Student: 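Structure provided below as structure tokens; questions to follow.
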Amino acid sequence: MKRSPSSLKDVRLKKLEELVESGIQPYTTGFRPDLRSSELKSKYGGISEEDNVSDIVRIAGRIMAVRVLGKASFMRIQDVAGDIQIYLARDILGVETYNQAKKLDIGDIVGMSGSPFKTRTGELSLAVQSFVLLTKSLRPLPEKWHGLSDVEIRYRQRYLDLMVNRSSREVVVARTQIISYLRNFLTDRGFLEVETPMMQTIPGGATARPFETFHNALNRQLYLRVAPELYLKRLLVGGFDRVFEINRNFRNEGISTQHNPEFTMLEFYQAYSTYDDMMSLTEEMLSSLAIKIVGSQSFKYGDRDVDLTPPWPRITVKESLLNHGVLNSNEVEDRNAVFIKALELGVPVDKDDSLGKLLMAIFDEVVEGNLWGPVFVHHYPVEVSPLARRNDDDPAVTDRFELYVCGREMANAFTELTDPVDQRNRFEEQVRARQAGDEEAHFLDEDFLRALEYGMPPAAGEGLGIDRLVMLLTNAQSIREVILFPHMRPEKGLE
RNA sequence: GGGCCGUUAACUCAGGGGUAGAGUAUCUGCCUUUUAAGCAGAGAGUCGCUGGUUCGAUCCCAGCACGGCCUACCA
């Protein structure tokens with residue numbers, strides 16, 4: 001570490017030495033506050049400037065602002081609940097203690113004991129009678145007006161961001177409330193929360209490239225899961241009729257404002273139900289969640305309005321293409337016409353792609369981003385839905401939907417494929433695609449097929465991207481705003 | 001992966017071919033109800049890194065690193 005004699009950190013290290021020399025412990029344990037700042041405010045907020053409160057209360061927190069007025073000083077102490085002003089006066093503390101208090105720095109964590117009172121301007125404050133330095137801070141905090149806005153520092157040093165930016169703390173709280181709400185919502189309906197493997201020998205359940213790792217003792221390759229789906233369905237086979245998991249998935253793909261290599265998914269499965277039931281459940285779950293979190297079913301995302309009031313429109317993939325005008329009703333059934341249209345649109349397609357794949361390629365390219373929603377798009381082609389049940393009337397499509405809100409896929413659900421013979425065929429098709437170079441194609445999971453051969457009850461399941469849901473409800477434009485420690489390249493030159 | 005933009009003090013930002021500026025923060029002094037406290041003074045930067053052009057580069061050029069946005073892949 002480089003040390004110029006006058007660096008801000010060295011100034012504080014010198015103070016630290018002086019504190020120790022004068023017998024003050026700079027990292028003290030054992031102080032227990034009575035109240036958080038918000039509790040102090042609600043308990044004593046009603047006092048008047050004339051009141052002489054004799055109660056002594058203890059608060060703890062970080063010094064965020066210091067105003068020394070000579071023989072008296074004010075400081076702002078921040079804790080998790082907010083902040084409270086404290087008043088330090090020489091004639092209360094005595095000369096020696098007051099001079100020690102003046103050595104406290106912005107950033108230090110302190111415990112303060114004193115009596116609540118109101119200042120001339122009517123602000124509830126704490127007149128300190130004694131204090132203790134709990135943690136000496138050695139680095140200066142970001143500037144008090146503009147705070148910390150450099151996104152790189154905000155993400156890399158999230159602790160700093162949380163310290164100085166209230167909005168960042170609010171996102172954390174909202175995220176926790178959202179997950180808690182979803183957990184209770186499902187638990188209340190008889191769902192059992194489970195945990196399934198993150199490290200898998202055969203990564204399954206989604207079309208995605210997995211991360212690879214290696215188990216030394218077993219001398220074999222393992223994958224980080226791309227989805228929990230196949231394990232949750234094994235639990236349906238085992239007899240649990242409603243299960244869910246809220247946990248991390250890992251996909252070895254690009255990073256963007258919508259994508260982090262690890263992200264959180266809610267997956268839930270319900271036996272004896274269909275994807276229609278999933279749509280109703282999703283409407284109820286997310287619209288009530290919105291009321292809980294933002295206070296209304298309609299709210300702003302960016303500069304546009306979103307309204308989650310049920311029911312939400314339901315259209316098929318083909319209808320969405322027709323509605324958009326990109327294809328007409330003759331073309332949409334004609335594989336070659338669709339292929340030509342894809343080429344015209346510059347959509348990346350392969351000459352061997354099936355009708356279903358081509359339709360989805362065009363959908364992804366031109367329709368998806370325009371689906372402000374909320375809208376359920378259903379009847380996905382069977383070729384791109386290897387785990388979903390075929391539609392009884394049209395075996396070329398599946399009983400699958402994706403929920404779109406604000407041009408983004410929020411959820412993916414389907415009536416599950418329970419036929420082990422069909423499932424084997426679908427897997428084999430995926431294996432052929434993998435052998436042809438598709439690194440995202442599914443692996444064949446022989447044990448999963450064996451489970452289906454024992455018999456899985458008819459069921460529907462859904463995956464819901466938690467990060468994107470949190471983005472929607474906190475009006476965040478980047479997934480990194482809703483993940484505490486988003487993935488970053490290693491920092492160079494760190495001391 | 002591709003394109004564009006950015007990187008100057010601890011933070012927020014100006015500046016610009018002749019070796020650097022502001023506010024906040026820090027330090028010193030004054031100040032017993034401030035709250036963007038005030039007043040006076042001071043210190044603080046290898047201008048992201050490495051090369052090139054130039055008498056001279058923080059500035060111009062190239063490469064690299066990191067970040068942002070768009071794009072691609074995906075959820």
Side-chain angles (χ1 to χ4, degrees), chain A residues 2 4-12 14-15 49 64-76 83-93 98 103 105-107 117-123 125 127 137-157 160 163-164 205-209 226-227 249-267 346-348 361 364-365 368-369 402-404 408-412 438-440 463-469 471 477-480 486 488-494:
Chain A
K2 193 165 54 183
S4 62
S6 51
S7 85
L8 297 173
K9 191 170 153 190
D10 286 335
V11 168
R12 295 215 179 177
K14 189 157 169 288
K15 275 191 190 178
E49 287 174 46
M64 298 304 286
V66 175
R67 292 180 285 277
V68 179
L69 294 94
K71 297 178 188 66
S73 302
F74 288 93
M75 293 184 182
R76 188 154 295 283
D83 56 39
I84 185 79
Q85 177 171 267
I86 60 138
Y87 176 68
L88 299 153
R90 199 174 71 173
D91 57 12
I92 301 176
L93 294 169
Y98 182 69
K103 289 199 176 125
D105 286 309
I106 292 174
F117 76 107
K118 279 219 170 140
T119 64
R120 281 178 197 160
T121 53
E123 176 167 356
S125 307
S137 173
L138 299 180
R139 289 178 184 264
L141 256 44
E143 199 234 14
K144 66 180 176 186
W145 298 6
H146 308 89
L148 179 67
S149 57
D150 183 320
V151 291
E152 184 168 355
I153 301 176
R154 286 186 49 235
Y155 298 154
R156 284 194 197 282
Q157 297 178 255
L160 258 192
M163 222 182 275
V164 301
T207 305
R209 285 173 64 177
V226 295
N249 289 344
F250 308 87
R251 299 191 185 173
N252 204 341
E253 284 153 2
I255 297 172
S256 76
T257 54
Q258 315 290 318
H259 303 84
N260 196 62
E262 50 180 309
F263 63 101
T264 301
M265 258 305 246
L266 161 64
E267 283 205 10
V347 176
D364 289 342
E365 191 76 18
E368 176 177 321
E402 288 191 349
L403 169 65
Y404 284 88
R408 293 177 193 152
E409 181 188 340
M410 296 288 299
N412 176 27
D438 182 355
E439 291 187 74
E440 293 174 351
L464 200 152
I466 296 296
D467 310 279
R468 290 181 178 178
L469 182 61
M471 286 171 69
Q477 302 304 314
S478 168
I479 198 168
R480 294 180 155 200
M488 302 286 277
R489 285 191 164 90
E491 186 177 356
K492 263 183 83 173
L494 188 62

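Protein chains get the first letters and strands the later ones, always in sequence-line order, with residue 1 at the start of each. Just so you know, these numbers come straight off a predicted model, no measurement behind them.
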Student: Quick one: label A:Thr207 by what it contacts on the DNA or RNA (base, sugar-phosphate, nothing), any heavy atom closer than 4.0 Å.
Tutor: sugar-phosphate

Student: When the C1' atoms of B:U7 and B:C47 are considered, how many whole Å apart are they?
Tutor: 10 Å

Student: Got a second to check how far A:Glu368's CD is from A:Glu402's CD, nearest 0.5 Å?
Tutor: 7.5 Å

Student: Take the protein atom CG of A:Asn412 and the nucleotide atom C1' of B:A75, then report the distance between them rounded to whole Å.
Tutor: 9 Å

Student: Rounded to the nearest 0.5 Å, how far does CE of A:Met64 lie from CD1 of A:Ile84?
Tutor: 15.0 Å

Student: For residues A:Arg489 and A:Ile255, determine if any side-chain heavy atom of one lies less than 4.5 Å from a side-chain heavy atom of the other.
Tutor: no

Student: P atom, B:G16 versus B:G6: distance in rounded Å?
Tutor: 14 Å

Student: Kindly indicate whether the side chain of A:Glu152, heavy atoms from C-beta on, has any atom under 4.5 Å from the side chain of A:Glu491.
Tutor: no

Student: Distance-only, no hydrogens or angles: does the A:Arg468 side chain make a donor-acceptor pair with backbone N or O of A:Glu409 under 3.5 Å?
Tutor: yes

Student: For nucleotides 66-72 of chain B, just jot down a letter per nucleotide in 5' to 3' order: B, S or -, based on protein non-hydrogen atoms under 4.0 Å.
Tutor: SSSSS-B

Student: Roughly, in whole Å, what's the span from CD in A:Glu49 to P in B:U34?
Tutor: 11 Å

Student: Can you tell me how far apart CG (A:Asn260) and CZ (A:Arg480) are? Round to the nearest 0.5 Å.
Tutor: 7.0 Å

Student: What integer distance in Å separates A:Arg251:CZ from B:A75:C1'?
Tutor: 6 Å

Student: With P as the reference atom in both, quote the distance from B:U24 to B:C60 in angstrom, rounded to an integer.
Tutor: 30 Å

Student: With rounding to whole Å, what would you report as the distance between B:A22 and B:G41 at their P atoms?
Tutor: 13 Å

Student: Given that A:Pro142 and A:Ser125 both sit by RNA chain B, which one's nearest nucleotide is further toward the 5' end?
Tutor: A:Pro142

Student: Rounded to whole angstrom units, what separation is found between the CG atom of A:Leu266 and the P atom of B:A75?
Tutor: 17 Å

Student: Mind checking which stems touch RNA chain B? I mean at least 3 consecutive Watson-Crick or G-U pairs, both distances under 3.5 Å.
Tutor: B:1-7 with B:65-71, B:10-13 with B:21-24, B:26-30 with B:38-42, B:48-52 with B:60-64

Student: In whole angstrom, give the distance that lies between atom CZ of A:Arg154 and atom C1' of B:U12.
Tutor: 14 Å

Student: To the nearest 0.5 Å, what is the distance between CD on A:Glu439 and CG on A:Asn252?
Tutor: 9.0 Å

Student: B:A9 P sits how many Å from A:Lys9 NZ, rounded?
Tutor: 17 Å

Student: On a whole-Å scale, what distance lies between the C1' atoms belonging to B:G15 and B:U33?
Tutor: 42 Å

Student: Taking it one step at a time, do A:Thr264 and A:Asp467 satisfy side-chain contact (heavy atoms from CB on, under 4.5 Å)?
Tutor: CA-CA 6 Å; A:Thr264 301; A:Asp467 310 279; 3.9 Å; yes

Student: Quick one: label A:Asn260 by what it contacts on the DNA or RNA (base, sugar-phosphate, nothing), any heavy atom closer than 4.0 Å.
Tutor: base

Student: Could you state the interatomic distance from CG (A:Leu148) to CD (A:Glu143), rounded to the nearest 0.5 Å?
Tutor: 10.5 Å

Student: Hey, does the side chain of A:Arg67 come within less than 4.0 Å of B:A37's phosphate (OP1/OP2), counting only N and O?
Tutor: yes

Student: Please report, rounded to the nearest Å, how far the P atom of B:A9 is from the CG atom of A:Asp10.
Tutor: 18 Å

Student: Give the rounded distance in Å between these two atoms: CD of A:Glu123 and P of B:U33.
Tutor: 15 Å

Student: For the C1' atoms, the ones on B:G1 and on B:C59, what distance do you get once it is rounded to whole angstrom?
Tutor: 32 Å

Student: Go through the steps for A:Gln477 and A:Thr257 under the test side-chain contact (heavy atoms from CB on, under 4.5 Å), then give the verdict.
Tutor: CA-CA 7 Å; A:Gln477 302 304 314; A:Thr257 54; over 6 Å; no

Student: Does B:A75 have A:Phe263 stacked on its base, where the ring centres are within less than 5.5 Å and the planes differ by under 30°?
Tutor: yes

Student: Atom pairs, N/O to N/O, protein against nucleotides 25-31 of chain B, distance under 3.5 Å?
Tutor:
residue, atom, partner, partner atom, Å
B:A25, OP1, A:Lys144, NZ, 2.9
B:C27, OP1, A:Lys15, NZ, 2.5
B:C31, N3, A:Gly70, N, 3.1

Student: So A:Tyr404, base contact, sugar-phosphate only, or nothing? Heavy-atom distance under 4.0 Å.
Tutor: nothing

Student: I'd like the P distance from B:U19 over to B:G52, given in whole Å.
Tutor: 22 Å

Student: So, using side-chain contact (heavy atoms from CB on, under 4.5 Å) as the criterion, who are the partners of A:Met163 when residues are at least two apart?
Tutor: A:Arg62, A:Leu141, A:Leu160

Student: Applying a 4.0 Å non-hydrogen cut-off, can you work out what A:Gly463 is touching in the nucleic acid: base, sugar-phosphate, or nothing?
Tutor: nothing

Student: Quick check on B:U26: syn or anti? Syn means the glycosidic torsion is within 90 degrees of zero.
Tutor: anti

Student: What residues, two or more places apart in sequence or in another chain, satisfy side-chain contact (heavy atoms from CB on, under 4.5 Å) together with A:Asp438?
Tutor: A:Lys357, A:Ala433, A:Glu440, A:Ala441

Student: Going by modelled atom types, is there a donor-acceptor pair between the base of B:U32 and the side chain of A:Tyr87 at under 3.5 Å?
Tutor: yes

Student: A:Leu469 vs A:Met410, test: side-chain contact (heavy atoms from CB on, under 4.5 Å). Steps then yes/no.
Tutor: CA-CA 7 Å; A:Leu469 182 61; A:Met410 296 288 299; 3.7 Å; yes

Student: Taking 4.0 Å as the cut-off, does a side-chain nitrogen or oxygen of A:Thr119 come that near to OP1 or OP2 on B:U34?
Tutor: no

Student: Using atom P in both nucleotides, what's the gap between B:G63 and B:C4 to the nearest angstrom?
Tutor: 10 Å

Student: Under 4.0 Å between any heavy atoms, over every strand shown, what does A:Arg209 touch: base, sugar-phosphate, or nothing? Just pick one.
Tutor: nothing

Student: I'd like to check the side-chain contact (heavy atoms from CB on, under 4.5 Å) partners of A:Arg76; sequence neighbours left out, ordered by chain and number.
Tutor: A:Ala65, A:Arg67, A:Asp83, A:Gln85, A:Glu123

Student: Categorize A:Gln85 for me: base, sugar-phosphate, or nothing, with a 4.0 angstrom heavy-atom threshold over every strand shown.
Tutor: base

